Amino acid sequence: FRFDSVVFARTGATTGKSYLVESPPDAIAASYLIRLRIGTPSLLPNFLILFFQTKEYWEKIGLGTSGSAQGGFNASKLTELRVPIPLITEQQRIVAILDEAFEGIAAATAHAERNLQNARELFQSVLHSTFSQKGDDWVETTLKDSVEETCSLSYGIVQPGEDRPGGLPIVRPTDMRQPVIGMEGLKRIDPTKADSYDRTTLTGDELLMCVRGSTGTISVAIPELKGANVTRGIVPIRFKSEIIDQRFGYYLLTAPPVQTQIKEKTYGAALMQINIRDLKKIELSYPPLPIQKAIVQKLDALSTETRRLESIYTRKLAALAELKQSLLQRAFAGEL
């Protein structure tokens with residue numbers, strides 16, 4: 001390398017990212033990097049780095065990336081990129097303006113990210129303390145002994161088959177990205193595929209636990225899912241209403257004491273999972289129902305406030321990212 005070399009990541013999670021290297025001349029590139037030689041003194045490396053942050057550039061990366069899990073970028077696609085190159089003095093002016101602007105955007109972004117993280121950590125802290133500081137009236141039990149007799153804690157459909165418009169809705173681990181699972185976006189299958197899986201037919205009030213992949217993820221099934229089913233990677237859970245409120249059960253299962261046990265019992269390499277035998281042995285603690293309802297009221301209120309703050313800070317982060325792209329677009333359109 002020479003000073004101010006521009007390198008480009010061609011594989012893995014960083015595919016497409018470019019860097020301005022300010023290392024000693026004897027530095028060498030890792031195998032996943034491509035060195036970009038600037039063939040003209042009329043192009044500043046700092047100016048080129050700015051171009052590699054534009055939407056136009058990243059769209060080209062998306063079209064040129066191929067391969068398996070690691071991905072990979074066809075470097076020849078770089079030759080198709082057309083970079084507007086103004087006079088060197090104009091490049092210097094643009095770099096100076098954007099460097100200053102981006103410094104402010106980076107500071108504002110870091111502040112919003114900290115606030116977002118703080119909001120999430122506050123909720124997790126309260127959740128942890130709620131289920132770690134148990135009173136004398138809390139009962140110790142297992143998951144198996146706390147669910148309804150009709151809740152078998154079983155895996156769902158192993159081979160659901162192809163999509164069938166208007167068919168039976170099923171919930172898959174990939175659907176469990178939200179705390180509440182609705183009908184929208186669910187795969188539908190031939191209803192006969194579920195004939196042997198009555199034990200996991202939903203009544204529409206279950207807690208759904210992911211037992212393959214993101215083990216321990218918990219979502220709530222809406223009432224409209226009554227009659228639907230789940231796949232192999234999900235276990236429906238219905239607590240005995242006389243001992244555990246279902247909403248309290250949601251917080252109980254998502255709290256650190258239970259999640260830690262799930263993590264300890266999870267095994268596998270390429271596919272992480274927990275087996276039913278271990279799942280049934282998960283240890284739980286719960287207080288009398290009136291205390292459960294008070295805890296639910298407190299956590300629901302805090303959860304609502306956390307989501308409100310998350311929405312505010314997420315929108316702010318999106319606005320800052322949009323501002324950065326707007327400035328880049330104006331810069332390379334000669335409008336800055």
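None of these values were measured; they are calculated from a predicted model. For the single chain, residues carry numbers from 1 onward in sequence order.
Between Pro169 and Leu186 the shortest heavy-atom distance is CB-CD1, 4.1 Å. Taking every heavy atom of both residues into account, Tyr313 and Asn115 meet most closely at CZ-CB, 3.3 Å. Residues Leu317 and Ala112 share a closest heavy-atom pair of CD2-CB, 3.7 Å. Minimum interatomic distance between Lys134 and Trp138 (heavy atoms only, all atoms of both residues): CG-CE3, 3.5 Å. Annotation for Ala101 and Leu327: closest pair CB-CD1, 3.9 Å, computed over non-hydrogen atoms. Here the shortest heavy-atom pairing between Arg172 and Gly185 reads NH2-O, 4.0 Å.
For the pair Leu279 and Leu143, the minimum side-chain heavy-atom distance is below 4.5 Å.
Annotation for Glu103: atom CD does not count as buried by contact number, only 12 or fewer foreign heavy atoms lying within 6.0 Å. Residue-environment remark: NZ (Lys226) stays at or below the threshold of 12 foreign heavy atoms within 6.0 Å. No more than 12 heavy atoms of other residues, nucleotides or ligands sit less than 6.0 Å from atom CD of Glu162.
For the pair Arg238 and Glu148, the salt-bridge criterion is met [side-chain N within less than 4.0 Å of a carboxylate O].
A cation-pi arrangement, defined by a distance under 6.0 Å to the six-membered ring centre and an angle within 45 degrees of its axis, is absent between Lys17 and Phe52.
Using a 30° and 60° split on the angle between ring planes, Phe47 and Phe332 fall in the tilted class, from 30° to 60°.
Side chain of Gln91 to backbone of Pro86: a donor-acceptor contact under 3.5 angstrom is found.
Not less than 6.0 angstrom separates the ring centroid of Tyr250 from the ring centroid of Phe239.
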